[in-house]
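Side-chain atoms are counted along with the backbone in the values below, which use heavy atoms only and exclude waters and symmetry mates. Order of the sequence lines fixes the chain letters, A, B, ..., with proteins taken first and strands second; residue numbering starts at 1 for each chain.
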Protein chains: 2
Amino acid sequence: MSTNIQITPPTTTAAASQTNWQSVHDEVLHRIHTRQWKPGDLIPKEVELAEQLGCARATVNRALRELANEGFLDRRRKAGTRVASHPVRRAKLDIPVIRLEIEGRGQKYAYGLLYSERRTPPPEICTNLAVTPDSDMFHITSLHLADGKPYMFEERWVSVAATPTIAEADLSKISANEWLVLHAPYTKGDISFSAVLASETEAKILCTHKDAPLFLMERTTWNGDHGITSARLLFAPGYRMHSAI
Amino acid sequence: MSTNIQITPPTTTAAASQTNWQSVHDEVLHRIHTRQWKPGDLIPKEVELAEQLGCARATVNRALRELANEGFLDRRRKAGTRVASHPVRRAKLDIPVIRLEIEGRGQKYAYGLLYSERRTPPPEICTNLAVTPDSDMFHITSLHLADGKPYMFEERWVSVAATPTIAEADLSKISANEWLVLHAPYTKGDISFSAVLASETEAKILCTHKDAPLFLMERTTWNGDHGITSARLLFAPGYRMHSAI
DNA sequence: AACGATAATATGTACGTACATAATAACTCT
DNA sequence: AGAGTTATTATGTACGTACATATTATCGTT
């Protein structure tokens, strides 16, 4: 089986591109972009590509696996690899702790606890987190500010059963969000985004007017079957969430 | 031929799990979740973990690499691997072709071209896509419907230079969005989300009232240094975008 | 003490081999 | 022909070895 002639001692030479998985990745992507391989097309099998490009199958495998993750390829055993026919674009949303998001833009972060009470949850939270109506929970509302201006208004329910130590946390110093990130790991969660109108109260808190358009992020997190927290994050008018594709 | 003699899990736990990268992944995640390894902690090096878990370093490497991608670990050569101290949650947003999104929910999709003109772009599009004011472009607005009800209103500029064949596309049959996905691959793009109020016209088109809160998605895509298209997608009230974490 | 060169080291990658798995294709039996 | 079984095949994974690379740690030299 004919070695591909691996060229030379790979040392030293600033050889343009040795055949690494990244270059295979780029080459395949290039062929897709230039439409040599069109959506739906079956591309050569790993062994063939490896031979063509002069590298090991493992290397091709790595490259194609990444491309499949990124949504450019569809791969199935035995059936082979084809260019995704409906290129689902996969945007990666990094959702940082709000403090870091603000500080990352060079603004000054501040945080204020508005309200905190230990009480039983309302019905919609029960269904949301799958807890009983007599559960021991914290209800917390707080405001996050950037450069002194209201940035995000947070309303949150936290299950004490799921995170017993929260009773000891000083939530006037650290935001519930941030505390939870550090102390209450979760196994799954979901997040949704929508647009809503500001209520009278919300408007007052965010220093805007009633019926202003607000960006709303709703998050629920779980640890196994245990609902941990459910949060409603309302961003001040003008907020934009963005991401590269 | 030849039955491979499955070498059954010899020692270790009766756990049905063989040591594959997935199980290493889960085990590490478990240790993070149970706070055996806390945010900021340095975890054992790959060779040690491999020994502990009875597998090859490559297997551990694969598992840890995935965990780093998911944002749970920070890895640096020589410095080792530590639990991410500010767990950035990485939500994967799949942004499908709108038709598939609607059909995927079992609703009936319909599409109407409202307006299409070949003309030069306004200033904000020029800066947006880095094209000259005398560029040859298409300006297209259209409406996407789910079960006969307005779902999303699309306003889009497409550079003819970047996608010559669009002149031949029948945009009353296929949406510009979908046509572009199939015929104009891009190398990079960005996307942003915000909340806005419906203008008079927008309200009429989306069958809602003026000043209704609308979810706005703005997308720009590029092929290399070539701006391809810039779109403004306005979703009817009630729209929610969601994602798992 | 400051600085620069050098060694040490954990992760990153490449490769070849071997086997596992899923899905299809081919075949057999009724 | 239809149903069930077996063979085939492309991807998926595991492993050991070897080497690359980015940092950090160490050691001299000034």
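For D:dT13, neither phosphate oxygen OP1 nor OP2 lies less than 4.0 angstrom from any side-chain nitrogen or oxygen of B:Thr59. Considering only side-chain N and O atoms, B:Arg75 lies nowhere under 4.0 angstrom from the phosphate OP1 or OP2 of C:dA10. Checking the phosphate oxygens (OP1, OP2) of C:dT24, a side-chain nitrogen or oxygen of A:Arg76 falls inside 4.0 Å.
Classified by interplanar angle (parallel below 30°, tilted 30° to 60°, perpendicular above 60°), the ring pair A:Phe193/A:Phe215 is tilted.
Closest approach to the B:Arg57 side chain among D:dT24, C:dT13, D:dG12 is made by C:dT13 (side chain taken as heavy atoms from C-beta onward). Distances were taken from every side-chain heavy atom of B:Ala56 (C-beta onward) to each of D:dT24, D:dG12, D:dC15; the shortest belongs to D:dC15. In this structure, the nucleotide among D:dT13, C:dT11, C:dT13 sitting nearest to the side chain of A:Trp21 is C:dT13. Nearest to the side chain of A:Glu46, among D:dG16, C:dG16, D:dT11, sits D:dT11. With D:dT11, D:dT13, C:dT11 as the candidates, the nucleotide lying closest to the side chain of B:Arg62 is D:dT13. Distances from the side chain of A:Lys45 to the nucleotides C:dC15, D:dA10, C:dT11 place D:dA10 closest. Listed candidates were D:dG12, C:dA23, C:dT11. Nearest to the side chain of A:Lys78 is C:dA23.
One can place CG of B:Leu67 at 13 Å from P of C:dT11, the figure rounded to the nearest angstrom. The separation between B:Leu42 atom CG and D:dT23 atom C1' is 14 Å, rounded to whole Å. Spacing between atom CZ of A:Arg77 and atom P of C:dA20 amounts to 12 Å, rounded to whole angstrom units. If you measure from atom CZ of B:Arg82 to atom C1' of D:dT23, you get 13 Å, rounded to the nearest angstrom.
A centroid separation of less than 6.0 Å is found between the aromatic rings of A:His144 and A:Tyr111.
With respect to A:Arg99 and A:Glu178, a salt bridge is recorded, a charged nitrogen being found less than 4.0 Å from a carboxylate O.
Under a cut-off of 6.0 angstrom, the local environment of CD in A:Gln52 is crowded, with over 12 non-hydrogen atoms contributed by other residues, nucleotides or ligands.
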